[in-house]
Visitor: 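The structure that follows is given in the form of structure tokens.
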Amino acid sequence: MFLSTNSKIFFLLIWLMISGACASAQKIEYSRQTFSHPYADVTQLVTNISGKHHLITFLSDKKPAIHIFDQKLQLVSQREINFRFKKQQVVHVIPFKEHYFIYVHQPAGENVIWRIDEDGKAVELSAALKGFIDSTLKKRITNIEISNNQDELFITSNIYYPEVETVVSTVAQMDKDLKVVSTNKLAFPYKASDRLKQVELHGKDLFLLKRSVDSAGYTLHLMKGDRATGKITRCSFSSNVDYTLAAFNNNSSDSSITLYSIVRNDIFLTKVNNNLEEIVPVSLVKGQFRGRVASTFFSVPGMKESIETTLPLFSTQYTRPYREPLLPTVDAIANEPSAFQRMYETNDQYAQRLFRETNINNRSNSDSRLRQNRQLTPSFPVRISVLDNQFKLINSRIISAEEEDKRIETSSVANVQLKGKNFYIFAQHFPGKKQGLLAVTNNEQNEFTTSDIRVFEKYNFLLQQVQAVDYEYILLPYTHKRMMGLVKITLN
């Protein structure tokens with residue numbers, strides 16, 4: 001079959017229109033320069049600090065290096081922080097609009113903290129932190145959490161007093177030089193058999209989630225402490241089946257709180273308002289772990305962050321820096337049917353004498369912009385589900401690790417929200433040692449769509465460091481041979 005010249009031109013125009021439409025859905029930009037990749041022990045990306053992006057590398061026995069990129073991904077400068085990093089140290093980064101803090105916790109020895117501005121200038125504040133611990137916490141050996149709460153710096157410490165069955169939380173607001181602005185103490189009831197699941201500061205309130213057990217079964221208690229008055233409010237959910245990896249999400253748009261947990265092989269979900277009054281009844285989403293699924297994500301309308309639940313089968317093989325239970329515990333999955341009850345109560349401040357203390361292992365909750373994404377080993381299928389506002393299942397899709405012509409790394413998933421849509425980013429591998437990225441999202445009809453992100457096939461992308469900038473685009477580091485750089489990806 002032969003085509004006329006006009007017909008050829010017509011089909012060429014159609015092809016160009018289709019190609020242009022596909023290209024407009026993605027825009028990929030690489031940094032204009034790269035730097036020597038030192039095979040760092042820790043890599044941390046901090047985005048949009050007064051318009052600049054910092055890529056920090058920590059190498060054992062070396063000074064941490066800060067590589068500073070501008071908005072055009074031009075590498076403008078490189079600086080070092082004046083201390084030598086050790087492998088056993090734990091790094092926390094707390095970002096603000098014009099600066100960020102690097103807090104390095106040492107299992108034994110003095111902790112160090114630095115304030116870094118947009119140009120990479122580092123100011124050490126370790127002496128001020130030690131002075132705060134010595135004066136306010138009375139030199140107690142305790143882990144602290146440093147957090148950004150509504151663009152204000154806070155330090156939170158939790159200590160358990162077994163004789164009076166109480167956890168005392170100290171919440172201190174600090175200025176940028178780590179000088180105390182205000183200090184509040186809250187007392188939460190806590191028994192030796194309780195398991196602390198999560199502590200999070202949100203606005204003027206401190207929220208604490210614990211799981212209790214007695215002869216009647218298991219109970220989740222979500223407690224809210226008002227820092228101004230000391231008043232403790234509590235809501236509770238009882239079951240004859242244990243709660244596994246329980247956690248909660250604060251929704252800043254309406255101040256609601258979503259509480260969730262694995263119960264047997266089902267997902268327990270409920271929502272309360274800021275007074276801890278139930279606004280969405282308890283729902284059980286069933287069958288989410290069928291088909292060898294090890295991890296499942298829930299997208300809920302109005303929530304900026306997806307809910308993730310993961311079977312504890314692999315709990316020793318991955319890191320959960322954002323939802324780590326705050327006391328060492330092993331949760332078992334029970335085999336009894338579920339039966340939920342709820343009760344609501346308000347208590348006055350718990351004023352009790354304080355005796356011998358025991359420390360609570362309170363790991364830092366990273367800011368959502370710096371959340372490291374989950375890594376499971378080995379790769380098992382991942383389920384992505386869409387729920388309605390009442391937590392009823394609308395649609396779901398399983399992402400398998402093995403496809404016909406490629407292998408998808410379901411063990412590493414980056415979840416970001418861009419322009420009101422949830423995206424799930426996976427690394428994928430093709431024959432010939434080629435690599436790529438896969439984006440999964442759902443449209444307005446809640447139908448799932450997948451698309452290949454057309455990145456350079458020879459690059460290795462650090463999905464654990466994906467950052468959504470202003471909900472408009474994502475940034476993540478990449479490596480190629482011994483070089484490292486940044487890539488900016490815009491998805492529509």
Side-chain angles (χ1 to χ4, degrees), residues 92 94 96 101 103 105 111 113 115 125 128-190 194 196-210 221-235 248-250 252 255 257 272-276 326-327 345-367:
H92 302 276
I94 306 95
F96 289 81
F101 294 87
Y103 169 55
H105 173 65
N111 300 326
I113 186 169
R115 186 183 70 241
L125 300 170
L129 178 63
K130 183 178 184 301
F132 165 77
I133 293 175
D134 290 347
S135 61
T136 304
L137 302 181
K138 308 302 181 185
K139 298 184 180 180
R140 297 184 178 105
I141 302 174
T142 179
N143 290 332
I144 61 174
E145 177 190 345
I146 305 176
S147 62
N148 180 341
N149 179 37
Q150 299 180 343
D151 212 36
E152 298 289 347
L153 180 66
F154 282 84
I155 296 179
T156 306
S157 173
N158 304 287
I159 300 176
Y160 173 47
Y161 296 86
E163 281 81 359
V164 292
E165 297 186 331
T166 301
V167 165
V168 175
S169 298
T170 301
V171 182
Q173 182 180 346
M174 319 291 287
D175 67 12
K176 68 177 185 178
D177 296 316
L178 291 193
K179 295 179 181 179
V180 178
V181 176
S182 64
T183 304
N184 305 99
K185 289 185 180 292
L186 294 162
F188 296 94
Y190 193 92
D194 291 344
L196 191 56
K197 296 297 184 179
Q198 187 177 342
V199 176
E200 186 171 304
L201 186 62
H202 189 70
K204 67 181 184 65
D205 301 314
L206 182 69
F207 294 87
L208 182 147
L209 178 65
K210 69 173 184 176
H221 300 283
L222 178 60
M223 294 181 285
K224 181 189 75 171
D226 187 317
R227 292 191 290 115
T229 65
K231 185 177 182 180
I232 305 296
T233 306
R234 175 172 61 186
C235 65
F248 63 87
N249 275 358
N250 276 296
S252 57
S255 298
I257 303 160
V272 298
N273 61 20
N274 194 59
N275 295 322
L276 303 192
L326 302 177
L327 277 178
E345 64 184 17
T346 301
N347 302 288
D348 293 329
Q349 181 178 7
Y350 292 85
Q352 306 180 53
R353 288 185 61 194
L354 305 180
F355 295 88
R356 177 176 58 84
E357 62 203 33
T358 302
N359 298 319
I360 286 180
N361 181 22
N362 183 16
R363 298 188 179 181
S364 174
N365 292 330
S366 303
D367 182 89

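Both backbone and side-chain heavy atoms feed into the values below; hydrogens, waters and symmetry mates do not. All residue numbers in this chain count up from 1 along the given sequence.
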Visitor: Any salt bridge between Asp205 and Arg227, counting N to O under 4.0 Å?
Guide: no

Visitor: With side-chain hydrogen bond (donor to acceptor under 3.5 Å, both in side chains) as the test, would you mind laying out the steps for Thr233 and Lys224 before giving the verdict?
Guide: CA-CA 5 Å; Thr233 306; Lys224 181 189 75 171; 4.8 Å; no

Visitor: Would you please classify the geometry between the Tyr103 ring and the His92 ring as parallel, tilted or perpendicular, with 30° and 60° separating the classes?
Guide: parallel

Visitor: Is there a donor-acceptor pair under 3.5 Å between the side chain of Arg115 and the backbone N or O of Leu125?
Guide: no

Visitor: Is Lys210 paired with Asp194 through a side-chain N to carboxylate O contact shorter than 4.0 Å?
Guide: yes

Visitor: Are Val168 and Asn158 side-chain neighbours, meaning at least one heavy-atom pair lies under 4.5 Å?
Guide: no

Visitor: Under a 3.5 Å distance rule, please check whether Thr229 uses its side chain to pair with a backbone N or O of Lys231 as donor and acceptor.
Guide: yes

Visitor: Within a strict 4.5 Å, meaning less than it, do heavy atoms of the Ile155 and Glu145 side chains meet?
Guide: no

Visitor: Is there side-chain contact between Ile146 and Ile113, with at least one heavy-atom pair below 4.5 Å?
Guide: yes

Visitor: Answer whether the closest heavy-atom distance between the side chains of Thr156 and Thr170 falls below 4.5 Å.
Guide: no

Visitor: For the backbone of Gly230 and the side chain of Asp226, can you confirm whether one donor and one acceptor N or O come within less than 3.5 Å of each other?
Guide: no

Visitor: Say whether, by atom type as modelled, one donor and one acceptor occur between the side chain of Asp175 and the main chain of Asp177 under 3.5 angstrom.
Guide: yes

Visitor: How many angstroms lie between CZ in Phe207 and CD1 in Ile257, if you round to the nearest 0.5 Å?
Guide: 3.5 Å

Visitor: With no hydrogens and no angle check, do the side chains of Glu200 and Gln198 hold a donor and an acceptor under 3.5 Å apart?
Guide: yes

Visitor: Check each of Phe101, Phe96, Phe154 against Asn148 using the side-chain contact (heavy atoms from CB on, under 4.5 Å) test, and report the only one that passes.
Guide: Phe96

